[in-house]
Protein chains: 2
Amino acid sequence: MGKGEETRRAIIDQALELASTVGLEKLTIGALAGTTGMSKSGLFAHFRSKEQLQLQVLAEARQRFIEMVIAPAMQKPRGEARLRSIFESAMKQWEEDLPGGCIFHAVSAELDDQPGPARDYLVETQRDYADTLRRAAEIAVEEGEFRKDVDLDQFVFELGSITAAYHHFGRLLGDPEAEQRARKMFEGLLARSH
Amino acid sequence: MGKGEETRRAIIDQALELASTVGLEKLTIGALAGTTGMSKSGLFAHFRSKEQLQLQVLAEARQRFIEMVIAPAMQKPRGEARLRSIFESAMKQWEEDLPGGCIFHAVSAELDDQPGPARDYLVETQRDYADTLRRAAEIAVEEGEFRKDVDLDQFVFELGSITAAYHHFGRLLGDPEAEQRARKMFEGLLARSH
DNA sequence: TGACGGCACGAACGGTCGTACTATTATCAG
DNA sequence: CTGATAATAGTACGACCGTTCGTGCCGTCA
């Protein structure tokens with residue numbers, strides 16, 4: 001790995017931390033230069049536009065999510081165990097990895113009315129994730145762990161709602177029991193699917 | 001109502017539309033001056049800082065929410081009917097009133113790691129709303145419509161999760177069935193509380 | 001040793017941001 | 001109708017934005 005690639009990754013690391021708290025728009029070249037100790041122009045040269053920087057930040061976040069959440073789950077047994085693994089890893093990652101919590105949640109509201117490549121990439125990522133969840137639930141049905149009449153899309157919707165609420169109540173409103181509530185809700189959703 | 005107050009309200013109207021789509025930070029004095037046909041300085045004089053403008057926007061949104069969602073529900077019979085009224089009105093308002101959907105949802109992720117008066121006001125508003133929902137559910141228990149062992153805080157958490165997911169799947173991912181899914185989830189939550 | 005390519009730098013550009021002052025115009029009570 | 005006052009416009013400011021450009025450092029290899 002050349003020197004350039006090395007610093008580029010270091011920049012993206014910092015950028016992820018910053019973006020998870022302040023969002024993609026306020027992820028500023030100048031601020032990023034400050035935290036990395038580089039000059040604005042030196043940093044900018046690694047990405048040739050701010051849009052590229054944003055896209056690479058999202059790509060890195062996606063890759064980390066796959067590595068830390070999806071990949072371990074795929075090693076688990078098919079079906080419910082895999083779903084539980086995804087849920088647990090996701091909750092853990094959002095708490096520990098980034099200071100501002102799940103970056104996808106942080107930028108979702110920011111990009112939902114802002115057309116462009118960043119939004120497109122985010123939507124693709126989220127659709128991809130939804131498909132993964134759907135497939136995992138489908139397997140649980142095939143394995144006989146879930147009832148045959150489980151509405152898979154509805155299941156994904158409700159599963160997604162848990163994490164959204166976890167962020168809203170935990171991060172914004174500061175409810176210390178949000179994690180416990182999310183877990184309880186998850187157990188309820190699984191129980192209803194049996 | 002003097003002329004000043006009249007234009008101030010007109011400005012806030014425009015500001016709400018703008019903020020619901022682009023957020024509170026990108027709700028810019030210059031852009032707002034453009035859409036209202038005023039000069040930057042003339043508009044700025046009505047609020048003496050951007051922070052004041054943001055707070056007044058949030059206050060107006062809160063008042064509208066109370067008028068269009070909470071107040072009508074309070075005319076309804078106590079208990080489940082009131083909860084249904086709140087849910088239905090909330091879904092309707094977010095669809096129709098503002099182009100960017102529920103402004104509270106739009107700014108929640110933006111402010112959740114950004115201390116200041118705007119965040120404080122938003123948190124207060126959301127806590128207030130959560131209390132209202134909790135109280136309505138409590139009444140449903142007292143009236144015998146809900147089981148006595150319903151966990152009220154958990155109920156509020158799950159109710160909140162529905163609207164959060166509605167925005168995520170409907171607005172960001174563009175799922176046309178998001179509204180129907182939210183309704184189905186709501187019915188499920190009520191049924192489990194009976 | 002000397003040329004070269006990859007990296008990072010400082011300076012500067014045009015623009016937009018929020019905000020402060022001053023001047024001008026519109027409103028409204030006496 | 002008039003004069004006080006409120007409302008708006010004009011202009012300027014310093015800060016920061018993304019971006020461009022020219023320059024120099026430094027390791028690699030001929």
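Sequence lines set the chain letters: A, B, ... in the order given, protein chains first and strands last, and positions in each chain run from 1.
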K.L.:
Name all pairs fulfilling the salt bridge (charged side-chain N to carboxylate O under 4.0 Å, His left out) condition that reach into residues 106-120 of chain A, sequence neighbours left out, sorted by first residue then second.
P.N.:
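Listed by first then second residue: A/D113-B/R171.
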
K.L.:
In whole Å, what is the span from the NZ atom of B/K3 to the P atom of C/dC28?
P.N.:
8 Å

K.L.:
Can you tell me if the side-chain N/O atoms of B/H46 get under 4.0 Å from OP1 or OP2 in D/dT8?
P.N.:
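For B/H46, the contact criterion (side-chain N or O under 4.0 Å from OP1 or OP2 of D/dT8) is met.
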
K.L.:
Can you tell me the distance, in whole Å, between the CZ atom of B/R8 and the P atom of D/dT8?
P.N.:
12 Å

K.L.:
Output the rounded distance in Å from CG (B/L53) to C1' (C/dC17).
P.N.:
14 Å

K.L.:
Within the 4.0 Å limit for protein heavy atoms, which parts of nucleotides 16-30 of chain D are touched? Write it as a string from 5' to 3', B for base, S for sugar-phosphate only, - for none.
P.N.:
-SBBBB---------

K.L.:
Tell me every residue that passes side-chain hydrogen bond (donor to acceptor under 3.5 Å, both in side chains) with B/D131, counting only those two or more places apart in sequence or in another chain.
P.N.:
none

K.L.:
When the side chains of residues 84-91 of chain A are checked against the rest of the protein, which donor-acceptor pairs come out under 3.5 Å, sequence neighbours left out?
P.N.:
{"from": "A/R84", "atom 1": "NH1", "to": "A/E80", "atom 2": "OE2", "distance (Å)": "2.5"}
{"from": "A/R84", "atom 1": "NH2", "to": "A/E187", "atom 2": "OE1", "distance (Å)": "2.5"}
{"from": "A/R84", "atom 1": "NH2", "to": "A/E187", "atom 2": "OE2", "distance (Å)": "2.5"}
{"from": "A/E88", "atom 1": "OE1", "to": "A/R183", "atom 2": "NH1", "distance (Å)": "2.6"}
{"from": "A/E88", "atom 1": "OE2", "to": "A/R183", "atom 2": "NH1", "distance (Å)": "2.6"}
{"from": "A/S89", "atom 1": "OG", "to": "A/S85", "atom 2": "O", "distance (Å)": "2.9"}

K.L.:
Using whole Å, report how far CD1 of B/I11 lies from P of D/dA7.
P.N.:
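Spelled out: CD1 on B/I11 to P on D/dA7 is 11 Å.
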
K.L.:
Tell me the interatomic distance from B/L32, atom CG, to C/dC17, atom P, rounded to whole angstroms.
P.N.:
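In whole Å, C/dC17 P and B/L32 CG are 11 Å from each other.
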
K.L.:
What integer distance in Å separates B/E5:CD from D/dA7:P?
P.N.:
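To the nearest whole Å, that distance equals 9 Å.
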
K.L.:
Taking atom P of C/dT19 as reference, at what distance in whole Å does atom CG of B/L43 sit?
P.N.:
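The answer, rounded to whole Å, is 12 Å.
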
K.L.:
Taking side chain to side chain contact (heavy atoms under 4.5 Å, CB included) as the test, write out the residues that go with A/Q52, two or more places apart.
P.N.:
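In terms of side chain to side chain contact (heavy atoms under 4.5 Å, CB included), with neighbours along the sequence ignored, A/Q52 is linked to A/F47, A/S49, A/L55, A/Q56.
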
K.L.:
Assess whether a salt bridge exists between A/E5 and A/R8, defined as any Lys/Arg side-chain N lying under 4.0 Å from an Asp/Glu carboxylate O.
P.N.:
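Salt bridge flag = yes for A/R8 with A/E5.
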
K.L.:
Tell me the ring pair (Phe, Tyr, Trp, His ring centres under 6.0 Å) pairs involving residues 48-69 of chain B, sequence neighbours left out?
P.N.:
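Checked against ring pair (Phe, Tyr, Trp, His ring centres under 6.0 Å) - neighbours excluded - the pairs reaching residues 48-69 of chain B are B/F65-B/Y129.
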
